[in-house]
Amino acid sequence: MTKLSSRAYCASMSQLEFTTIILAAGQGTRMKSPLPKVLHPVAGYPMIQRVVNCAKEAGATEVRAVVGYSEKLVRQVLEPLGVGCYKQEKQLGTADAVKSADLESIEGMVLIINGDHPLLEPGHIKRIFEDFKADQADVSVVTSVVKDPGRLGRIVRHMGDLKAIVEVADASAETLKINEVNTGIYVAHAEVLDALLPLIDNHNAQGEFYLTDIIPRAVEEGYTISAIKASPRVAFGVNTQKQLARATKSIFKRKIGELMDEGVVVIDPANTYVEDFVSVGPGTVLYPGTYLRGATQIGSYCVVEPNCSITDSIIGDGVQVRAGSYFEKAEVHKGAIVGPYARLRPEAVIGEEAQIGNFVEVKKATFGKKAKAGHLTYIGDADIGEGTNIGCGTITCNYAVDKKKYRTQIGKNAFIGSDTQFIAPVTIGDNAVIGSGSTITKDVPEGALAVARGKQVIKENYVKTVKSDEENSKDEANSSEKSDTSSDRPTQ
Ligand code: UD1
Ligand code: MG
């Protein structure tokens, strides 16, 4: 028997609108980690953030989370996402957790999910609601048939009809053989939850208020219940570090699959890691060990060689990123070559066809078109003009004793000899030449040569003189030693 009027169903069927309650107050003791379980990252994002985004994408008009363990830290992640956090004072069980979410202030359909199900996708939720509406149920539990039911609650049916959900701690050997499990996801009308939750007690092996008991209570109270079957992916919850690693691998695999479908060449998909919001153009080759993170965008026909880490960076078409390079918030324009072993720090802008070589670090600096810094160089707080060549071992000394940073400006087509230091602030004109080993403290005009190093001194026959001096003093020492020993020999 259905207790709700059919008008209520019609209203909620027209458009998918619902409130989500995410349960996230538990510690996750099986993770054996000081970090609350739901904040463990899965492919770059805290697992609960994935659950929140999934619910929103599926159509959740409001997302609430029940928090408790390490509440402050969990709120820090959830509140910026627009999630309302509700405190569960003591972790008395999943039914008590739902009660903490101020049910009276919710209207319409409610989706209850666990914060530890990072593989959940918006499509799964949409399908769950389709079934919920088709079943015309008051409360439904989402189940799944899995190979290894482990510690998940077992779905007990009688003549095919859902009867109860039994936790492992309360299950008989016979019940434990059931491989249809509770995914921990439920859909219900808010008023049904409100009516049934106070009826749940804690008379079970763990002394907890189990949300699973909502099913028998609903039957007793004459509500319509249903079990909605979903894929095993929906049932996958993270309770241990091994499951966390499996979740991460699965999400990276999905993203790499999408990229390959769009024409990205991935040499070794199992060893290439690309986060959700990264884009890569067709024809680009990703070598193993590549880690692309955050809002990184990579153009077409690029090559990213092994073991590069690129975060929040924009890379144009036809760029070669050579092995072992590390970029954060950098911009590399088309046709540039960077690395091997280059480090681009925030606000590094590498111009078209520019070249940044091995062990070069660039920070808050621009390189013009075809400018080069081939080896062992630090360029920070600087502007390097088009076509300028920076020699090996060049350093912009940008940090002064007043703890402020100063800029080095170098014009176009300048030639900077190896082992030059620029004591900023300093400006070098177009086409200027700096002699190797210079310490440049003053501006250099356009087209000038600047040499700022100690003058070379030649001392003819220096080695010979030194040697003969040494020999003379040795001879003197020997002869005095002999006379000393003869005269000072102790008498016996
Ligand atoms: C729960 C279900 C089980 C189901 C499984 C699916 C119950 C009694 N059992 O078991 O049938 O197969 O999920 O993953 O519901 N939480 C709170 N407050 C509490 C207790 C838990 O907020 O007092 C939160 C946890 O942070 C977690 C979620 O509820 O996000 C589930 O709790 P967990 O302890 O992982 O339950 P399971 O043992 O996995
Ligand atoms: Mg769990």
Side-chain angles (χ1 to χ4, degrees), residues 20-31 33 35-40 42 46-52 55 64-71 73-75 77-78 83 85-101 111-120 139 141-146 148-156 162 164-171 175-176 178-186 188 193 197 200-217 227 230 232-240 243-244 247:
T20 294
I21 299 174
I22 303 177
L23 306 187
Q27 177 181 1
T29 42
R30 281 179 277 163
M31 296 299 281
S33 152
L35 193 66
K37 173 166 76 174
V38 293
L39 296 191
H40 281 72
V42 174
M47 70 172 98
I48 196 162
Q49 188 172 339
R50 292 188 168 277
V51 177
V52 170
R64 298 185 179 195
V66 179
V67 296
Y69 176 78
S70 223
E71 180 199 353
L73 223 53
V74 179
R75 278 178 187 268
V77 171
L78 292 179
V83 174
C85 294
Y86 294 80
K87 185 166 186 182
Q88 184 191 17
E89 292 296 340
K90 274 190 185 164
Q91 277 68 74
L92 300 176
T94 42
D96 180 70
V98 177
K99 270 205 273 183
S100 314
L111 171 77
I112 299 167
I113 44 183
N114 290 347
D116 59 1
H117 280 234
L119 301 190
L120 204 58
V139 52
V141 57
V142 180
T143 74
S144 182
V145 175
V146 295
D148 175 17
R151 297 173 60 92
L152 296 172
R154 305 299 201 268
I155 299 297
V156 177
L162 171 64
I165 306 166
V166 180
E167 292 304 291
V168 167
D170 305 291
T175 304
L176 285 177
I178 297 171
N179 63 352
E180 184 180 3
V181 296
N182 172 18
T183 62
I185 301 173
Y186 309 79
L193 287 175
L197 287 176
I200 293 175
D201 61 35
N202 63 351
H203 302 152
N204 52 56
Q206 300 186 92
E208 285 185 11
F209 294 88
Y210 289 165
L211 183 54
T212 48
D213 284 351
I214 198 165
I215 297 300
R217 292 300 90 79
R233 204 173 162 86
V234 174
F236 183 84
V238 172
N239 294 301
T240 63
Q243 287 168 338
L244 178 72

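This is a predicted model, so every value here is computed, not measured. We count ligands from 1, going down the list as the structure has it; atoms in each ligand are counted the same way.
When only interatomic distances are considered, the shortest N/O to N/O separation between Thr212 and ligand 1 does not fall below 3.5 Å. The shortest N or O to N or O distance between Ile165 and ligand 1 is not under 3.5 Å. Some N or O of Thr94 is nearer than 3.5 Å to an N or O of ligand 1, by distance alone. Looking at Glu167 next to ligand 1, an N or O pair under 3.5 Å apart turns up. When only interatomic distances are considered, the shortest N/O to N/O separation between Ala25 and ligand 1 falls below 3.5 Å.
The contact set between ligand 1 and Gln91, taken as ligand atoms under 4.0 Å from a residue heavy atom, comprises 23 (O). Within ligand 1, the atoms closer than 4.0 Å to a non-hydrogen atom of Asn182 are 2 (C), 3 (C), 4 (C), 6 (C), 11 (O), 12 (O), numbered from 1 in the order shown. Residue Leu152 has at least one heavy-atom neighbour below 4.0 Å for each of these atoms of ligand 1: 5 (C), 6 (C), 12 (O), 14 (O). Distances below 4.0 Å separate heavy atoms of Gln88 from the following atoms of ligand 1: 17 (C), 18 (N), 19 (C), 22 (O), 23 (O). For ligand 1, the atoms lying closer than 4.0 Å to a non-hydrogen atom of His117 are 14 (O). Heavy-atom contacts of Ala24 reach the following atoms of ligand 1: 22 (O), 26 (O) (cutoff under 4.0 Å). Near Thr183, with a cut-off below 4.0 Å to any heavy atom, the atoms of ligand 1 are 6 (C), 14 (O). Counting the atoms of ligand 1 from 1 in the order shown, those under 4.0 Å from a heavy atom of Asn239 are 35 (O).
For the atom pair OG1 (Thr20) and CD1 (Ile113), the distance works out to 5.0 Å, reported to the nearest 0.5 Å. How far CD1 of Ile200 is from OG1 of Thr212: 7.5 Å, rounded to the nearest 0.5 Å.
Within the 4.0 Å heavy-atom cutoff, Asp96 does not count among the residues contacting ligand 1. Heavy-atom separations between Val67 and ligand 1 are all 4.0 Å or longer. Within the structure, the closest approach of Lys37 to ligand 1 falls below 4.0 Å when heavy atoms are considered. Taking 4.0 Å as the cut-off, Asp116 counts as a neighbour of ligand 1 on heavy-atom distance.
With sequence neighbours left out, Glu167 forms a side chain to side chain donor-acceptor pair (under 3.5 Å) with no residue at all. Arg50 meets the side chain to side chain donor-acceptor pair (under 3.5 Å) test with Asp276; sequence neighbours excluded.
Counting only non-hydrogen atoms, the option in Gly93, Pro149, Ala97 that gets closest to atom 20 (C) of ligand 1 is Gly93. Closest to atom 16 (N) of ligand 1 by heavy atom, among Gly184, Gly26, Gly115, Ala235, is Gly26.
Counting heavy atoms closer than 4.0 Å to ligand 1, residue Leu92 contributes backbone atoms (N, CA, C, O) but none from C-beta onward.
Shown are Ile155, Ile178, Asn179, Val181; of these, the side chain to side chain contact (heavy atoms under 4.5 Å, CB included) with Val145 is made only by Asn179.
Nearest heavy-atom pair, Glu180 versus Thr143, reported as atom, atom and distance to 0.1 Å: OE2-OG1, 2.6 Å. Between Arg30 and Asn239, the shortest heavy-atom distance links the atoms CB-O, 3.1 Å. Gln206 approaches Ala169 most closely through the heavy-atom pair CG-CB, 4.0 Å. Summarising the geometry of His117 relative to Ala235, their closest heavy-atom pair is CE1-O, 3.5 Å, with the distance given to 0.1 Å. Nearest heavy atom pair, residue Lys87 against residue Ser100, reads O-CB, 3.8 Å. Among all heavy-atom pairs drawn from Asp201 and Asp213, the shortest one is O-OD2, 4.2 Å.
Contact check for Leu193 versus Tyr186: no side-chain heavy atoms found under the 4.5 Å cut-off.
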